[in-house]
Protein chains: 2
Amino acid sequence: MGEGKGARLSDVAKAAGVSQGTVSNVFNRPQLVRAEVREQVRMAAERLGYGGPDPKGRLLRAGKVNAIGVATSEPLGYFFEDPFARTLMQGITEACDANGTGISLVSAISEEALAWNMHNALVDGFILFCLVGADKLIAHSRERKLPFVALAFGETDDSISIIGIDNVAGARLAARHLVDLGHRRFAVLALEFEDGRAGPADLADVEAAIYPAPRERLRGYFEVLANAGVDVATVPIYNTLNEPETVAAGLEHIFSLKEKPTAILAQSDRIALEAMTWLRRRGYAVPRDVSVVGFDGVPEAALSEPPLTTISQPITELGRRAVNAILNPQAKPVQEYLEIELSVRGSTAAPRS
Amino acid sequence: MGEGKGARLSDVAKAAGVSQGTVSNVFNRPQLVRAEVREQVRMAAERLGYGGPDPKGRLLRAGKVNAIGVATSEPLGYFFEDPFARTLMQGITEACDANGTGISLVSAISEEALAWNMHNALVDGFILFCLVGADKLIAHSRERKLPFVALAFGETDDSISIIGIDNVAGARLAARHLVDLGHRRFAVLALEFEDGRAGPADLADVEAAIYPAPRERLRGYFEVLANAGVDVATVPIYNTLNEPETVAAGLEHIFSLKEKPTAILAQSDRIALEAMTWLRRRGYAVPRDVSVVGFDGVPEAALSEPPLTTISQPITELGRRAVNAILNPQAKPVQEYLEIELSVRGSTAAPRS
DNA sequence: AATGGGAATTGAATCGATTCAAAATTGGGC
DNA sequence: GCCCAATTTTGAATCGATTCAATTCCCATT
């Protein structure tokens with residue numbers, strides 16, 4: 001038996017004594033083929049150890065991959081670790097399951113890796129996690145000339161499709177809640193302003209921030225604080241990398257200052273949750289000594305002790321819509337901003353007088 | 001400008017007045033092309049809006065997809081929700097990042113969906129999550145004639161590559177720990193024995209279990225219990241679906257029996273964690289009233305209150321090895337069984353006398 | 001026996017690139 | 001100027017399927 005490597009469709013055709021087209025039909029639209037011939041072809045396939053048409057071949061001719069790429073400029077592990085990313089993926093996977101679409105994870109440990117991965121990903125479109133590194137992600141997607149949609153992109157830009165929330169409005173809600181409770185001394189634990197930079201920041205840094213989500217959220221906070229008569233120039237801001245170590249470092253920094261805050265504005269639930277852990281360990285009671293408000297509304301936030309007050313995004317809905325945007329691409333880019341809301345839970349209270 | 005849909009490599013070649021081969025080289029091995037020509041080609045590409053070779057075309061000729069498929073017979077969301085799956089994915093993603101390989105998630109909401117997805121996935125090999133539905137996953141992988149490796153497969157089978165642990169040994173460790181503490185009244189919260197079935201089970205069901213992991217673990221438990229003089233026929237077993245509702249139903253069932261257990265053997269950490277929540281809500285103190293021991297050793301198990309005593313698998317290492325097995329396929333299938341260990345934490349103690 | 005029409009099958013073009021042996025060009029040394 | 005070797009470029013084959021217009025087959029009618 002001439003076993004080269006694996007049998008091809010054309011080998012089966014030859015063996016069964018029919019044309020390639022017929023074999024293709026046997027596997028893809030069997031009802032078009034007479035039962036007798038069908039059986040013949042099936043047996044020939046069996047005999048040759050042919051397991052059905054190779055998707056590589058089909059792809060080229062038929063065009064659709066039936067998979068959508070989810071891209072981030074973080075390492076792949078991000079999708080399984082970060083609570084916000086995971087919740088977003090829940091929405092995305094739900095919609096993909098419903099549409100019979102697969103998911104390809106595209107990520108980057110380096111800049112070239114990202115470029116290469118995005119240029120070579122076998123997908124029908126991209127969903128971009130734009131919290132960090134949005135510009136690169138968008139540039140590569142453009143080059144691929146595939147439909148794409150930006151998630152968690154902080155900026156407005158009507159040349160691309162965006163599905164997200166109004167960061168400024170969300171941040172206002174958070175700050176207003178604390179102001180209404182009577183707080184006047186604040187600290188901000190922010191997301192990255194630019195690639196990999198952690199540490200204290202000031203107002204000038206905010207305006208120069210490359211990543212828009214942290215910048216916009218800060219604007220919302222400070223708008224409300226300023227209106228409430230707080231001197232925002234004295235509010236400490238610390239850039240974290242959205243993980244335990246830099247959050248701890250930030251709190252270390254903030255609580256070593258003369259004026260200790262009574263309320264912490266955290267730019268993500270992950271930061272907020274981590275902050276609560278740190279505070280408890282240091283003997284600060286939440287919310288008695290310090291109030292904490294998060295941002296995102298991940299499921300974990302409702303289960304912490306105390307449960308976290310936060311700005312809830314309709315995270316899974318964002319994911320669902322992103323998938324739809326890719327699967328039914330519109331002629332013009334679309335921007336959808338979904339409703340956020342303040343979820344008041346146990347981590348905030350009036351400051352001790 | 002003849003703008004059909006998108007320019008092809010051959011269009012660029014024509015426009016630049018060079019051969020296809022040269023254009024291909026410009027994009028893939030630029031050092032082979034004279035700088036002058038390179039520039040010409042680049043400009044022609046620019047002019048035509050050509051963003052580089054389409055991976056669909058490359059794929060067919062070059063053969064490698066540069067992505068590995070991770071398959072389960074659960075819905076896609078499973079990868080982002082289940083703590084064991086997530087931890088496993090951490091190991092997998094780590095190894096993939098290191099090798100510049102992408103990940104395609106392949107899943108199933110129905111049996112045909114799984115078949116279709118696996119037959120059409122554009123991947124170089126499969127990593128199979130075999131906790132449930134292993135037979136189907138393996139059958140489809142065989143048909144694709146791609147390298148594949150079974151993870152968390154409970155059985156031994158030297159016709160396929162397996163990376164896993166010794167379930168019986170792990171279960172023995174768990175049971176022995178409880179016996180040594182003095183427990184004599186047990187209950188088992190088991191994983192699914194077969195597709196979608198939850199509810200009480202008896203010894204006959206165990207032997208008939210389709211899914212091997214729960215069966216093997218039960219064997220390990222009962223071997224030790226029997227040796228300690230426990231009448232295993234009276235130990236209640238309840239099949240859960242590894243999620244909150246069926247775990248609660250199981251405990252409801254178990255604690256409505258005459259003889260209440262002083263120790264619970266949970267076949268996964270997720271079950272164990274959920275069980276602890278239920279017990280606390282019902283006023284049973286862990287470990288004072290009831291001891292709980294899990295299985296898996298997911299990171300969350302170390303953070304619960306109290307921290308969970310469990311059988312720790314080297315989960316991320318399993319993932320890493322699986323990736324290596326796919327990327328460097330051996331002629332013969334390999335079986336690797338990694339070391340597990342008992343992690344004694346706060347959820348177990350001697351029973352109240 | 002001739003006819004018509006629906007069902008089944010064929011054959012060749014096509015998808016978009018890579019590859020590599022062979023041909024063409026370049027440049028250095030004498 | 002000429003020759004040879006090294007460097008560039010070309011051209012055609014190839015990867016493995018799908019597609020669809022054209023053809024053949026089959027059978028029921030007249």
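The chains referred to below are lettered A, B, ... by the order of the sequence lines, with proteins before strands, and numbering in each begins at 1. Just so you know, these numbers come straight off a predicted model, no measurement behind them.
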Q.
Whole angstroms only, please: what is the CZ-C1' distance between B:Arg34 and C:dT25?
A. 8 Å
Q: Please check if atom NZ in A:Lys136 has more than 12 non-hydrogen atoms from other residues, nucleotides or ligands closer than 6.0 Å.
A: no
Q. Quick one: A:Lys14 NZ to C:dG11 P, roughly how many Å, whole number?
A. 13 Å
**Q.** Ring centroid separation B:Tyr50 to B:Phe27 under 6.0 Å
**A.** yes
Q | Atom pair distance, as rounded to whole Å: CG in B:Asn25 and C1' in C:dC20 | A | 11 Å
Q | Ion pair B:Glu46/B:Arg42, N-O distance below 4.0 Å | A | no
**Q.** Contact interval (first through last nucleotide) of DNA chain D with protein chain A, 4.0 Å heavy-atom
**A.** D:dG16 to D:dT19
Q. Looking across every strand, which nucleic acid part, if any, lies under 4.0 Å from B:Asn28 by heavy atom: base, sugar-phosphate, or nothing?
A. sugar-phosphate
Q: Decide whether B:Asn66 and A:Asn120 meet the rule of one side-chain donor and one side-chain acceptor closer than 3.5 Å.
A: no
(Q) Using ring centroids (six-membered ring only for Trp), state whether A:Phe79 and B:Phe79 fall under 6.0 Å. (A) no
Q. Across the strands shown, which category fits A:Tyr50 at heavy-atom distances under 4.0 angstrom: base, sugar-phosphate, nothing?
A. sugar-phosphate
Q: Any chance you could measure A:Phe80, atom CZ, to B:Leu88, atom CG, to the nearest 0.5 Å?
A: 10.0 Å
Q: Could you check A:Val23 against B:Leu32 and say which one's nearest nucleotide on DNA chain D is further toward the 5' end?
A: B:Leu32
